[in-house]
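Because the structure is predicted, anything quoted here is derived from the model rather than measured. Convention: sequence-line order gives letters A, B, ...; per-chain numbering from 1.
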Amino acid sequence: MQDTLSRQLLAALEDLGGAPEGFTPEFEVPANADHGDLSTNAALQLARHFRRAPRHIAEHIAEHMDVDANLVSGVEVAGAGFINFRFADSWLHAGLGHLLARGEAFGRTGHGHGQRALVEFVSANPTGPLTVGHGRNAVLGDTVATLLEWTGFDVTREYYFNDAGRQMRVLGESVRARYEALVRPDMPTKSVDGVIVPESFPDDGYLGDYIADIAASVFEEFGASLLDAGVADGRDLADVDIYKKAAEKAIFAEIEATLKRLGIRMDSYFNERTLYDSNAIWDIVEALREKDLAYDKDGAVWFRTTAFGKEQDTVLVKSSGEPTYRLPDIGYHVNKIERGFDRIVDIFGADHIATFPDVLSGVEALGHDASRISVLIYQFVTLVRSGEPVKMSTRKATYVTLDELMDEVGEDVTRFFFLMRSANTHLEFDLDLAREASEKNPVFYLQYAHARIASILRKAEETGLQTNGDGDLSLLKHPAEIALIKQLLGFPEAIHMAAELTEPQKLATWLRETATSFSKFYGECRIIGQEETLATARLQLAAATRIVLKNGLTVLGISAPESM
RNA sequence: GCGCCCGUAGCUCAACCGGAUAGAGCAGCGGUCUUCUAAACCGCAGGUUGCAGGUUCGAGUCCUGCCGGGCGCGCCA
């Protein structure tokens with residue numbers, strides 16, 4: 001539609017001497033329905049070029065545009081020089097027919113056809129259960145991935161983790177201490193952050209109950225044999241591996257189960273260690289040295305981030321010889337590009353805001369196209385309990401787990417809760433009001449509209465009306481019907497916009513408008529009991545609405561119930 | 001101190017690369033079920049878009065400076 005209008009508009013400008021090279025008119029859907037269905041500010045933009053009043057140009061265009069009456073029923077000039085187009089009913093009816101024919105594929109577009117996308121999200125090291133904060137990450141990432149799939153990309157969902165760092169070692173030591181206490185119940189204890197722990201427990205160890213559970217499973221498998229083997233003093237770091245492995249396995253299993261509850265399945269788990277094994281990170285250091293972007297100082301290797309506008313250079317390799325996280329991060333992103341992904345999306349918490357530009361600089365410096373990488377930053381979720389913010393720490397186990405949240409409000413509400421707001425605004429969640437709040441959650445509004453349509457279709461079938469026939473759609477002329485059709489036909493664009501901007505919240509907002517539009521139609525236009533041809537046509541409009549709501553909810557990962 | 005994000009109705013949030021009269025929900029007030037699901041619908045009320053400038057035909061949106069909140073600023077990740 002826009003392409004057609006665009007061509008006709010440019011043609012109408014020929015008598016004025018033509019539009020400047022490369023000029024493309026912009027169209028938008030006006031906020032106010034009085035301003036038509038599609039509007040362009042082209043005349044305003046061209047005023048300077050033609051040295052004429054915008055209104056004058058607009059009028060010229062409106063008069064000289066050769067529009068197809070089957071597509072557009074009206075062209076009007078308004079305001080300072082806007083040109084407003086009104087769609088012809090026949091075009092809307094044809095669109096509705098197309099929608100019904102496409103069914104559950106309606107909304108899918110081919111923008112990304114033939115391209116591969118990688119969405120990296122969650123990426124929590126397996127040191128404990130997923131928390132509410134991880135939930136926001138997981139739901140955003142999964143939904144962005146689905147949006148990209150709907151716009152034609154071949155999408156891979158990837159989870160990045162590191163099981164070789166300090167965090168994981170401390171985790172293993174925590175498990176080992178709990179295990180020791182199982183073998184020797186009389187072992188001395190001490191207190192860490194107010195929790196009684198075995199004496200050998202690390203001071204910065206993980207305090208959650210799940211650590212004891214993992215220790216118990218190790219004890220079940222090995223009995224006391226690990227101590228008998230002479231590693232009981234707990235000072236031999238090599239042996240911590242057994243505990244670490246056990247913890248990693250158990251925690252990953254739990255994480256996967258939690259994600260599964262949310263309807264999320266990862267396609268790939270990427271272990272940071274891969275980058276060490278392949279020597280990739282050391283190749284990067286050398287490459288950066290050659291470009292004079294890396295140098296030695298104080299026994300460490302530094303990255304010349306000042307060359308990219310930073311105030312200070314940053315360390316890539318510590319004087320101990322260990323890389324900082326920045327180096328593998330660069331390596332990881334180069335790896336993503338080398339794997340051939342055209343579009344790469346990272347989902348990061350706000351604490352990464354300052355650091356990922358370094359990574360992009362590194363990728364760019366190594367001669368790769370960093371513009372393929374986009375980063376979705378989300379602000380933190382603050383939990384409020386009894387009016388007080390809850391400090392969240394995985395180590396201290398003062399978190400609320402994602403599972404607990406789902407137990408309380410359900411999976412659908414959990415997903416929608418994280419999707420209904422723009423990612424870069426702070427999210428405050430009052431646990432005491434969780435249940436109450438969930439009943440007011442707009443997700444029910446969407447599901448209700450869907451269930452209501454399902455009910456109508458059931459009832460219509462009982463009445464003997466045709467629910468899948470070819471009614472005469474041109475009978476749909478009521479303002480509420482026309483408004484609803486226009487809304488429904490905007491679905492592919494809503495998906496595309498949400499995907500393009502990586503803002504799933506746009507789709508959630510759009511779906512709410514759709515449900516509202518349907519409610520108006522429902523209130524004003526009865527179906528059952530009307531003259532049969534009209535009833536059949538309206539039934540098809542209802543069926544089309546159901547398709548859009550179902551597809552939209554599916555993209556968001558939320559169920560579309562048949563009844564409520 | 002420096003960097004990034006945010007500031008819109010009493011509350012929680014929208015507003016599609018700058019567009020026309022800034023919109024919803026909740027809370028408040030008043031209406032609507034003997035007919036397809038009232039988890040709904042209709043109406044009323046609610047605003048100097050934090051403040052002050054600037055850019056232009058036009059600014060919630062872009063720029064500058066303040067004020068307020070958040071997150072970072074380590075040879076931690």
Side-chain angles (χ1 to χ4, degrees), chain A residues 26 28-32 34-35 39-41 44-45 47-48 53-55 78-82 84 123 125 162 165-167 272 297-302 309-312 314-326 328-329 349-355 357 377-380 382 420-428 430 437 439-449 451-460 462-463 465 490 493-494 496-498 500-501 503 505-506 508-510 512-513 515-516 518-520 522-530 535 538-539 542 563-564:
Chain A
E26 292 170 12
E28 65 160 24
V29 179
N32 186 335
D34 292 343
H35 298 141
S39 173
T40 180
N41 61 356
L44 294 159
Q45 293 187 316
R48 184 162 299 182
R55 250 200 104 92
F82 293 95
N84 299 331
S123 296
N125 282 339
N162 168 23
R166 207 190 71 89
Q167 283 180 8
E272 181 180 324
K297 193 180 94 182
D298 303 334
V301 182
W302 294 71
K310 283 269 173 151
E311 283 196 359
Q312 290 180 326
T314 46
V315 171
L316 282 179
V317 184
K318 298 182 244 176
S319 50
S320 65
E322 260 183 298
T324 64
Y325 70 96
R326 232 170 279 258
D329 266 8
D351 53 343
H352 283 75
I353 281 180
T355 63
I377 297 278
Y378 63 93
Q379 298 295 317
F380 282 156
T382 310
M420 64 187 283
R421 286 169 196 168
S422 137
N424 63 5
T425 62
H426 199 85
L427 199 58
E428 194 171 275
D430 190 326
E439 280 161 12
K440 293 171 186 164
N441 196 301
V443 70
F444 292 121
Y445 184 83
L446 300 181
Q447 294 181 319
Y448 182 73
R452 200 183 224 178
I453 296 169
S455 167
I456 293 170
L457 293 174
R458 278 194 299 271
K459 189 141 288 185
E462 289 167 19
T463 324
L465 281 169
E493 176 58 25
H496 178 240
M497 195 203 309
E500 193 63 26
L501 302 173
E503 289 185 33
Q505 153 267 322
K506 303 254 184 220
T509 303
W510 186 88
R512 185 165 221 295
E513 289 167 6
T516 299
F518 174 76
S519 287
K520 273 201 173 95
Y522 175 84
E524 295 185 33
C525 304
R526 289 197 59 80
I527 298 173
I528 294 164
Q530 297 293 302
R538 286 182 173 169
L539 217 44
S563 66
M564 285 177 76

*For A:Glu503, which residues count as a salt bridge (Lys or Arg N to Asp or Glu O under 4.0 Å) partner, sequence neighbours excluded?*
A:Lys506
*asked:* Using whole Å, what does the distance between atom C1' of nucleotide B:rA24 and atom CZ of A:Arg512 come to?
replied: 7 Å
*Of the listed nucleotides B:rA40, B:rC36, B:rA39, the one nearest the side chain of A:Arg452*: B:rA40
*Contact letters for nucleotides 12-20 of chain B, in which S counts primed atoms plus P, OP1 and OP2 and B counts the base, heavy atoms under 4.0 Å*: SSSSBB-BB
*Where each residue is assigned the nucleotide of RNA chain B containing its nearest heavy atom, which of A:Pro54 and A:Leu457 is assigned the position nearer the 5′ end?*
A:Leu457
*What residues, two or more places apart in sequence or in another chain, satisfy side-chain contact (heavy atoms from CB on, under 4.5 Å) together with A:Ala451?*
A:Met564
_Sequence-distant partners of A:Arg166, salt bridge (Lys or Arg N to Asp or Glu O under 4.0 Å), two or more places apart_ = A:Asp204
*Of all heavy-atom pairs between A:Ala300 and A:Ser319, which one has the smallest distance, and what is that distance?*
CB-N, 3.9 Å
*Grab the two heavy atoms, one from A:Ile377 and one from A:Gly349, that are nearest each other, plus how far apart they are.*
CD1-O, 4.1 Å
*Could you tell me whether B:rC33 is syn or anti, where syn means a glycosidic angle within 90 degrees of zero?*
syn
*asked:* Could you tell me how far B:rG65 sits from B:rC5 if I compare only their P atoms? Round to whole Å.
replied: 14 Å
*C1'-based separation of B:rG54 from B:rA15 [nearest Å]*: 24 Å
*Please state the C1' separation for the pair B:rG25 and B:rC62 - nearest whole angstrom.*
30 Å
_Identify the stems formed by RNA chain B, where each pair is Watson-Crick or G-U wobble with both distances under 3.5 angstrom and a stem is at least 3 consecutive pairs._
B:1-7 with B:67-73, B:10-13 with B:23-26, B:28-32 with B:40-44, B:50-54 with B:62-66
*Considering only heavy atoms from C-beta outward, does the side chain of A:Arg512 approach that of A:Met420 to under 4.5 Å?*
no
*Across the strands shown, which category fits A:Thr314 at heavy-atom distances under 4.0 angstrom: base, sugar-phosphate, nothing?*
nothing
_Spacing between A:Tyr522 atom OH and B:rC41 atom P, to the nearest angstrom_ = 11 Å
*By ring pair (Phe, Tyr, Trp, His ring centres under 6.0 Å), which residues pair with A:Phe518, not counting sequence neighbours?*
A:Phe521
*Quote, to the nearest angstrom, the C1' distance that separates B:rC75 from B:rG70.*
28 Å
*For A:Tyr448, what residues pass the side-chain hydrogen bond (donor to acceptor under 3.5 Å, both in side chains) criterion, not counting sequence neighbours?*
none
*Who pairs with A:Arg452 by side-chain hydrogen bond (donor to acceptor under 3.5 Å, both in side chains), at least two apart in sequence or on another chain?*
none
_Residues which pass side-chain hydrogen bond (donor to acceptor under 3.5 Å, both in side chains) with A:Asn125, listed by chain and number, not counting sequence neighbours_ = A:Gln167
*When rounded to the nearest Å, what value does the distance between C1' atoms of B:rG28 and B:rG7 take?*
25 Å
*Under the salt bridge (Lys or Arg N to Asp or Glu O under 4.0 Å) test, residues paired with A:Arg55 that sit two or more places apart*: A:Glu59
*asked:* Rounding to an integer number of Å, can you tell me how far A:Tyr378 OH sits from B:rC6 P?
replied: 17 Å
*Going 5' to 3' through nucleotides 72-77 of chain B, assign each nucleotide B (protein heavy atom under 4.0 Å from a base atom), S (under 4.0 Å only from sugar-phosphate atoms) or - (no protein heavy atom that close).*
S--BSB
*Side-chain N or O of A:Tyr445 less than 4.0 angstrom from OP1 or OP2 on B:rC41?*
yes
*Using whole Å, report how far CZ of A:Phe518 lies from P of B:rC36.*
13 Å
_Distance, C1' atom - from B:rG23 to B:rG30, rounded to whole angstrom_ = 22 Å
_Contacts of A:Ser123 that satisfy side-chain hydrogen bond (donor to acceptor under 3.5 Å, both in side chains) - sequence neighbours left out_ = A:Glu120
_Whole-angstrom distance between B:rC4 and B:rA40, as gauged at atom P_ = 43 Å
_Can you check the distance between B:rC11 and B:rU48, where both ends of the measurement are the P atom (answer in whole Å)?_
13 Å
